[in-house]
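The next block holds one structure in the form of C-alpha cells; read it before the comments.
Values below: every heavy atom of this structure, side chains too, minus hydrogens, waters and symmetry copies. The sequence lines fix the lettering, A, B, ..., with proteins before strands; numbering per chain opens at 1.
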Amino acid sequence: MRRGRHWRSAATLRIDRTLLPIDAIPRKEVLRYLGYRGQALSAELDARVDGMMARVLEVARPLAALRSYPVAREACCDAPPAVALEGTTLRLTGDDAARHLTGAREVVLFAVTLGAGVDLELRRLALVDAVGQVVFDAAASAAVERVADAAEALVRSYAADKGAFCGWRFSPGYGDLPLEVQPAFLQSLDATRRLGITLTPGNLMVPTKSVTAFVGIHDTVQEGLASSCELCSLADFCALRARGVTCRV
Amino acid sequence: MATSVTIHAPNDRLRPRRLRVADEHLQAVLDGKEYLLFDGGMGTMLQDAGLKAGACPELLCLTDPHTVTGIHAAYVAAGSEVVTTNTFGANARKLAEGARAEGLVRVPSVAQVFAAAVACAKDAGARYVAADIGPTGALLRPLGTMSFDEAYDLFAEQVRAADAAGADLFVIETMADLLEAKAAVLAAKENSDLPVFCTMTFGEDGRTFLGTTPEVAAVTLSALGVDVLGVNCSLGPADVAPLARRMCAWSTKPVLVQANAGLPRMEDGRTVYDIGPTQYCDAVGDMLDAGVTVLGGCCGTTPAYIAGEKALIEARAGSGAEATERVADGSRPFTVTSAQQLLSLAPGEVGVIGERINPTGKKRLKEALRIGNYDYVMGEAINQEQAGAQVLDVNAGLPEIDEPATLVRLVEGLQGITSLPLQIDSADPVAIEAAVRAYPGKPIINSTNGKQEALDAVLPLARHYGCAIVGLALDEDGIPGTAQGRLEVARRIVDACDQQGIPREDVLIDCLTMAVSTNQQAARAILDAVRLVKRELPGVRTVLGVSNISFGLPYRELLNATFLTAAFEAGLDLAIMNPLSQRFMDAVAAWRVFNGEDLRAQAYIAANAGRTDASAKAEKPSASSEQQEATAVASTPHERVRAAVLQGRGEPVATGVAELLSAGLEPLALVNDVLIPALDEVGALFEKGTFFLPQLMASAEAAKAGFDAVRDATAASDAQPKGAVAICTVKGDIHDIGKNIVKMLLENYGYEVHDVGRDVEPQAFVDEVVRHHIRLAGLSALMTTTVPAMADTIALLREQAPWCKVMVGGAVLNPEYAAMVGADYYARDASEAARIAAEVLG
C-alpha cells in the first residue's frame, strides 16, 4: 500500500452530481450556531433542537459536484496575485489563494448543496414557526458543512490514489478571495445544471445552504491539517482509513 | 353571488395561436403520428474542441462559426432532422456576464447571437432549426431574487430574436423550475407563432431541483399549450425511461426525451461518460415502446449515439409512430397541479375544495389582508390541509384593498406553506390574470358565468394560462329557478369553452346552491340540475358551494352534510366547503366508501375504527409533568403566566390569560402589567447571557399565545395597536432570519408590523412607509455588499418620509456603520429593537 513519489494516472474523480448522504448532524455545532454558551436547556427546547435536526436530514438532498484542474504555470509576478487553472477561465485571485496553493500542481474544485427543499422549508417555517426557523437554519448550516466534509474526503482519497497530498479546503468569500469568482467557479463545475445552484446579482448562492471550496493537490504533506484521525472532521467519510492508510504519509 | 365583470381593452397576449409549422412532416410530429430526431450534446462537443469551462459558449457563434457549424453538420450527417442552435445561455443576463468574463468591450446583442447561431444551423444543412432556450441562470422569487417579469422579458427577447433569425421551433430545455418554464413558454406563445417544445430535468429521486414530478410537469405543460414536452439531461437513458413513461401517461402532447450518456467522470483530465451508443439505444428503444416519439441526446451524446437512434426510428418506419393514446372525453381524469403536487380525480371520484380563505364576513381575515399580515391566512391554509382539503380557494375581494396585488401576494405566500393546488376566486379578470400568470401549476379559476361579457373576459384566460374553470349557472337574467334553466346556461358556457378549445374535463359547472329556508324547492332543483349537467354535457365536472343550503336554519351542519351526500349521488365532483367541519368530512369519507373510491374502505376504517359518537377527538399531548409542577407551584394566575412566558410555553399562558380576563382584569392592564413585564424580564435574561436566542424566541412565542387570547376576547373597537413598524431585508440580501426574529418580537410587544420582505427595492419599502404613515422603520443586512443598499433606502426615506425614524441591524452592522449609513438607531439584537420601538412609538 506504499505510495510512490510519482503521480499515478489511474486516479479517477466522479464529477457528476453525486449523492452524499449524511446520517447525523453534530448537535454541538447546531447549538454553537445558535449562540449557545452552556445555558440550561428546557426539555422542550432540547426536543425542538432534535426535531429540527431530524427535519433537516429529512428534507435535505445533499449533492456534490467535483472537478480537478491543473494549475497553469504562467508568469504572474508583477500582476496582482492569482492562481490560474488550465481548461477554465476561473482565476483564484488574492494573496490567500496564492499562499494556499503554493507548490500545488492541481486544484480540485467542489460545490455541495442541501438543495432547494431546505430553502422551501425555511420559508415555510418563517410563516408558521419563527423559533423553528432559527433552529432549523442552524441545523442546516451544520449539515451543509458535514456534506462539504464528505466531499473533501473524496478529494483526499483521490489525491491518495495519485500518491499526492491535500491542503485544507478554502472557500470564496474567505480571506481575500472575493465572491466575484463565484460565477466562473460554479461554471467550472457545471453546478447550476448538475446541482441546481444559482447566484443572486450579489453572487450569493441559492439554495442558500450550499458551499463552494477548492483543495490544492500537492507533492508534499501540507501543514494545517488535523494531526491525527481522531481530530479530523472528515474521519466519518474517510475511504482511506478503511484501507488502513492515512492521508498524511 | 352576482358577479360583475369589467371589460378591459382587448388583450393581445391572449389572442389564439395560429401555429406556423414548417412542413407536413413536422405537423405530423406535432400530431403524434411521426417520429422526429434531434441532435446530441453541444457542450460536450465544444469542450472536446477546446472550449474552456467558464467561457461563454454562445459567443462562439460569432467568433468561431466554423467550429459550431462543423458540430451541427456532424449531427446532420448522423441523421439529425432538427439542429439545436448553440444558444442555451444566450440571454441578455448571461451574455453580459460572459462578455465581461472574456474581457469584451462590447456585449453582443441577443439578436446578433441568435442570427449567427441560426445561420450556423442552416449552413450545416439542418432540416429544422430549433432555437435553444435554457434557464436564465438565476432562481426566481420567492427562493431567488429574479421576478417572473424579469425572467419573462429575458425569454421574450430570445424568442423575438430567434423568430426573426428564421428558426422553425423553440426548444425550452433543462428547466428545473416549473415557474421559470412557464415564463419561457408564455414568452414563446405571446411573441411568436412557432411550435414550442419544452423539457425539464429530473434527479435520481424523480423530481426536479424544485420538487416537480414528471406527472406535474406533463399536466401543467400540456395545459399551458406547449406542443411537445419531455425530459432532457438529468440521468442516463435507463434511469430516464421510467420518468418518460410517467410523462407519457399524463401528457396530452407528444413526448420528447434527450438523456445523458450516463454519468461523467474525470480520467486524466478528460471527461468520460459511462454509457456507449449501443447500450444507450437499447434503453431508448424501450422508451419508444412506451410512447416517446421525439428523440435526441444530451450531455455526452455524440453523433454516434444519434446515428444509433436514427436506426431505431428507421426500423419502426413501416409501423409509424403510434399516436399518443387519446382517451375519450368522458373518461379523462380531472387534473389540477401546484409546482409539487398533482390532484387527479377519475370520473366518479370526489374532491374537497377548502373555502375558508375568503374575507367575506370574516373580520380578522379582512384586517390581516388590509395591513398585509398573512400569518393568519397561512394558519387557515394549514388547518384546512390537515383536515383533508385537496384544493384551497383563495379570495381577496374586499372593496378597500388592491385585489390584484393582494391576490398575487396571497398566492405566492400560500405556496410557501402548502403544496395543495389553488383555486383563484375573483370576479375581476385583471386580478385573475395577475394571479394565474405567475402561478407555477395548473390552478382552477373561480369563476365565469353565462353572461357573454364574463365568458369573453375569463375564458381566454383559462385557455391561455392552462387553467380549469368554474362556470356559474347564471346569466344576464339571474339564476334560473329550474334545473332545466340552469342546464341551458351551463350548455352555453360549455359551448363557449368548446369553442375556445378548453377540454371538457377542465370545465366545472356550479349549479349554485340556494337556501332551502327561503325556497324549499331549491334543494331538488339544484340536485336535478347537477344530474342533468352530468348527463347532457358529457365530460364536464360539477362543483357546488354546499353550505348555502342551510342558511337561516339551526344546526346547519346536519343539513349541509346530508345535502352534500345527496349531491354526490346526483353527480357532484367537487365540493367547496369548510373542511374543518367534522360532519362534512365524515360525509365525504362515507361517500368514498359507497362510490368505491376508498378501496376496501381502508381509509375509512383507519380513521374510524374504535370511534363512537361519544368519543372526542384525540387530545393534545400534555406537557411534561416536571413543568406542570413548576407551573403549579406558581400560585396566582398572574404568576403562572409569567412563569410560562419565561419557560416558553404557550398553552399555560393562554389559559392563564383567559382566567385573568374572566376574573375581570382589563385587557390593557393584562398586556401592560403581566405580559410585557414578563417579556422584559426575558429580554434582560437574554442580555445577561442567561438565555440564548431560541429561548428568547420561545418566550416571545409563548407571550404571543397570551396576546392572541387577549385579542380574541377584545371587541373590535378596543383593539388598539401600539403603533406600526415597517421592516425589511434590503435590496440584494436574501438573509431574512434576523428580520423575522425582530418581527416576531415586535409583534409580541403589540406593534403592528409591516413586513415588506427580503431583497426589497428601496422605493417599494418607502412606498409602504408613506402609504401607512409609519413612524419607525427597521432595515436588516447580513452582507457587507448590501450595506450600500441600506444607505440608499435611508436616503430615500429621508427624502419622502422625513417623519420616519430608522433603526438598522444585521451581522455586518455596528454602531459606526449604522451612523455611516445615516440610521437613527443601531439595534444589536431583537431585544434592543423592541426597546427602540418603545422609545419611538411608546
Most contacts with chain A, counted as non-hydrogen pairs under 4.5 angstrom, among B:Thr145, B:Leu693, B:Ile737: B:Ile737
Measure distances from B:Leu696 to the heavy atoms of chain A and classify the residue's part below 4.5 Å as side chain, backbone, both or neither. neither
Taking the side chain as every heavy atom from C-beta outward, state whether A:Gln39 and B:Thr690 have any atom pair closer than 4.5 Å. no
Okay, B:Thr786 and chain A: the region with an atom under 4.5 Å from a heavy atom over there is neither
Comparing B:Gly648, B:Gly689, B:Gly144, B:Gly732 against chain A, the one with the most heavy-atom pairs below 4.5 Å turns out to be B:Gly689
Which one, B:Met744, B:His735, B:Gln695, B:Arg207, leads in non-hydrogen pairs under 4.5 Å with chain A? B:Gln695
Would B:Gln647 and A:Ser42 count as a side-chain contact (heavy atoms from CB on, under 4.5 Å) if you check the C-alpha gap in whole Å, the side-chain angles of each, and the deciding distance to 0.1 Å? CA-CA 8 Å; B:Gln647 288 164 0; A:Ser42 68; over 6 Å; no
Within-4.5 Å side-chain heavy-atom neighbours: B:Pro694 and A:Arg48: no
Which region of B:Ala101, side chain (C-beta onward) or backbone (N, CA, C, O), has a non-hydrogen atom less than 4.5 Å from a non-hydrogen atom of chain A, or is it both or neither? neither
Minimum side-chain heavy-atom gap A:Gln187-B:Lys94 below 4.5 Å: no
A side-chain contact here means heavy atoms from C-beta on lying under 4.5 Å apart; do B:Glu701 and A:Asp129 qualify? yes
Sort B:Ala138 into side chain, backbone, both or neither according to what part of it lies under 4.5 angstrom from a heavy atom of chain A. both
Interface moiety of A:Tyr69 toward chain B, non-hydrogen atoms closer than 4.5 Å: side chain
Atom CG in A:Asp119, atom CD1 in B:Ile734: separation rounded to 0.5 Å? 7.5 Å
Top contributor to chain A interface from B:Leu143, B:Asn740, B:Thr208 [non-hydrogen pairs under 4.5 Å]: B:Leu143
Could you grab the distance from atom SG of B:Cys299 to atom CZ of A:Arg194, nearest 0.5 Å is fine? 6.5 Å
To the nearest 0.5 Å, what is the distance between CG (A:Leu34) and CE (B:Met697)? 10.0 Å
Spatial distance of atom CG (B:Asp759) from atom OG1 (A:Thr200) [nearest 0.5 Å]: 7.5 Å
Under 4.5 Å from any heavy atom of chain A, what part of B:Cys298 do you find: side chain, backbone, both or neither? side chain
For a 4.5 angstrom cut-off between non-hydrogen side-chain atoms, does B:Gln340 reach A:Leu120? yes
Best-contacting candidate, A:Ser188, A:Ala40, A:Gly87, against chain B by heavy atom pairs under 4.5 angstrom: A:Gly87
Taking all non-hydrogen atoms of both residues, which atom of B:Leu210 and which atom of A:Ala116 are closest, and how far apart? CD2-CB, 4.0 Å
Which of A:Leu90, A:Leu127, A:Thr192 touches chain B most, by non-hydrogen pairs under 4.5 Å: A:Leu127
For residues A:Arg61 and B:Glu204, report the shortest heavy-atom separation together with the two atoms involved. NH2-N, 4.4 Å
Contacting region of A:Leu122 [heavy-atom separation from chain B under 4.5 Å]: side chain
NZ of B:Lys52 to CG of A:Leu85, rounded to nearest 0.5 Å, is 9.0 Å
Can you measure from CG (A:Leu199) to CG (B:Leu139) and round to the nearest 0.5 angstrom? 11.0 Å
What I'd like to find out is whether the side chain of A:Gln133 reaches to under 4.5 Å of the side chain of B:Asp736, using heavy atoms alone. yes
Within the structure provided, determine whether A:Arg123 and B:Pro142 are in side-chain contact (heavy-atom separation under 4.5 Å). yes
Any heavy-atom pair between the side chains of B:Phe209 and A:Thr113 that's under 4.5 Å? no
Heavy-atom contact with chain B under 4.5 Å, split by part of A:Ile197: neither
Determine the option with the most heavy-atom pairs under 4.5 angstrom with chain A, choosing from B:Ala176, B:Gly43, B:Gly211, B:Gly137. B:Gly137
